[in-house]
Amino acid sequence: IITPLQEGITTVFRPLGSFLSNVWRAGSLAQENRAVREQITLLQRQGQEVLSLRRENEEFQRLLGIGESLQFETMGAVVTGEVPSNFEWGVFIDKGADDGVTIDMPVISGEGLVGRVVEVYQTSSKVMLIIDPDSAVAARLSASGERGVLLGQRQEPLRFDFVDLDTEVQPGETVETSGYQLQSGLEGLFPPGIPIGVVDQVDPDEANFSAGVVVRPNVDFSRLDFVLLVTQAPAVVEEEPALSQETPEEPGATVEESTP
C-alpha cells in the first residue's frame, strides 16, 4: 500500500521539482549574463582609456617635437573649455597671470599655430583661435616666400589675402607665419616659421586683384586638449645690405704695402 502511495506522490511532485530547478537555473544564468555584461563594459572602458592615453601620449610627443624644432621657450597648458559664444571662436586654458601669461602670447599645438591670448585672468586665460573672424595672421608661402595675411572664416578654411596675382601658388604648398617687421618698427605678433596649414584652393580673381588662395589649417580645433604658450622665441635677425669692404682714402694719405 505504501509503495504505490510513494510513487503517486513522486509522480505529483516531480514536475514541481523540475520547475523549481529550472527557475533556479534561470536565475543563475541571469546572474552570469549580468556578470558577463559588466565584464564586457569594463573591458570596453579600459580599451577606451588605453586609446585615450595613447592619443594623449602622441599629442605630447608632437608638442615636444614642435617646441624643439622651432627652438621656442614654451609653457604647457590644458584646454579647459570653449568660449560660449556664436560670435567668438576661442578656448580657455588653465594658465593665467600667476603663471606669467600675457596678452598676445602665441599659442601652438603639435600641428601648428592655434592662436593668441586675448584675455588673462588670475589662473586662466582666453585664447582667440586663428579661425576667428577677428584673427589676422602675417604668413608666407614656403615655396615662393610670398607674404600675405591669413584671415579667419569660422568653420571655413582660412583666406590668404594680399598675395600678388603673379605669384605661382600650388595646392598642397605649406604656409607658415612670416613674423615680418611692421612699418612702426614693431614685430608681428607671431614669430616666423610656425606651421599654419596647406594651400587648399587657388582661384584668382583679377577683378578684385586677389590671388584667391584658400588655406586649410593643420590644427583640428574641435579636438584641442593640450597646447603650448610661446614665452620666448629666437630673435629675428634682419639681413642688411652688404657694405663695400673698400675703405676710402683720406686726402693726401698713402697706402703702405706690407713688408714680407
Side-chain angles (χ1 to χ4, degrees), residues 52-53 55-85 87-140 147 149-152 154 158 174-197 217-238:
S52 178
L53 289 173
R55 186 170 66 85
E56 289 181 4
N57 180 63
E58 292 174 351
E59 192 168 351
F60 284 139
Q61 293 298 324
R62 288 193 295 270
L63 285 172
L64 289 173
I66 195 170
E68 291 176 357
S69 64
L70 295 174
Q71 299 182 341
F72 292 162
E73 291 186 15
T74 60
M75 172 172 52
V78 176
V79 175
T80 57
E82 298 180 356
V83 175
S85 172
F87 305 100
E88 296 180 82
W89 292 77
V91 294
F92 292 102
I93 57 175
D94 67 343
K95 294 292 187 293
D98 288 350
D99 306 288
V101 179
T102 58
I103 295 290
D104 288 335
M105 188 172 280
V107 181
I108 62 176
S109 73
E111 289 75 28
L113 186 63
V114 170
R116 62 185 176 90
V117 175
V118 291
E119 294 182 14
V120 179
Y121 313 108
Q122 204 69 29
T123 58
S124 63
S125 301
K126 184 168 79 172
V127 177
M128 176 193 289
L129 304 179
I130 60 173
I131 57 175
D132 188 288
D134 289 334
S135 173
V137 180
R140 67 186 172 201
R147 294 174 175 179
V149 177
L150 280 172
L151 304 175
R154 301 183 176 88
L158 304 169
T174 58
V175 180
E176 62 186 18
T177 55
S178 63
Y180 63 74
Q181 299 285 326
L182 304 179
Q183 291 182 351
S184 60
L186 300 174
E187 293 184 358
L189 292 176
F190 303 102
I194 303 175
I196 300 176
N218 292 339
V219 177
D220 182 353
F221 296 98
S222 66
R223 300 183 61 183
L224 277 178
D225 294 317
F226 307 99
V227 295
L228 293 176
L229 293 104
V230 180
T231 57
Q232 187 173 353
V236 179
V237 179
E238 297 287 336

- Just do the side chain to side chain contact (heavy atoms under 4.5 Å, CB included) check on Phe226 and Val78 with the steps written out, would you? CA-CA 5 Å; Phe226 307 99; Val78 176; 3.9 Å; yes
With a 4.5 Å limit on heavy-atom distance, are the side chains of [X] and [Y] in contact?
{"X": "Val230", "Y": "Phe190", "answer": "no"}
{"X": "Phe72", "Y": "Ile194", "answer": "yes"}
{"X": "Leu129", "Y": "Val114", "answer": "yes"}
{"X": "Met75", "Y": "Val101", "answer": "yes"}
{"X": "Pro133", "Y": "Arg154", "answer": "yes"}
{"X": "Val117", "Y": "Thr102", "answer": "no"}
{"X": "Phe92", "Y": "Val127", "answer": "no"}
{"X": "Leu150", "Y": "Ile130", "answer": "no"}

Once you round to the nearest 0.5 Å, how far does [atom1] of [X] lie from [atom2] of [Y]?
{"X": "Asp94", "Y": "Thr80", "atom1": "CG", "atom2": "OG1", "answer": "6.5 Å"}
{"X": "Thr177", "Y": "Arg140", "atom1": "OG1", "atom2": "CZ", "answer": "7.0 Å"}
{"X": "Glu88", "Y": "Lys126", "atom1": "CD", "atom2": "NZ", "answer": "4.0 Å"}
{"X": "Leu113", "Y": "Asn218", "atom1": "CG", "atom2": "CG", "answer": "10.0 Å"}
{"X": "Leu158", "Y": "Ser135", "atom1": "CG", "atom2": "OG", "answer": "7.5 Å"}
{"X": "Ile93", "Y": "Leu228", "atom1": "CD1", "atom2": "CG", "answer": "10.5 Å"}

Please find the pair of heavy atoms, one from [X] and one from [Y], that lie closest to each other, and give the distance.
{"X": "Ala139", "Y": "Val175", "result": "CB-CG1, 3.8 Å"}
{"X": "Pro192", "Y": "Ser178", "result": "CB-O, 3.3 Å"}
{"X": "Leu70", "Y": "Gly193", "result": "CD2-O, 3.3 Å"}
{"X": "Ser125", "Y": "Gly96", "result": "OG-CA, 3.6 Å"}
{"X": "Val120", "Y": "Ala97", "result": "CG1-N, 3.4 Å"}
{"X": "Asp132", "Y": "Met128", "result": "CB-CG, 3.6 Å"}

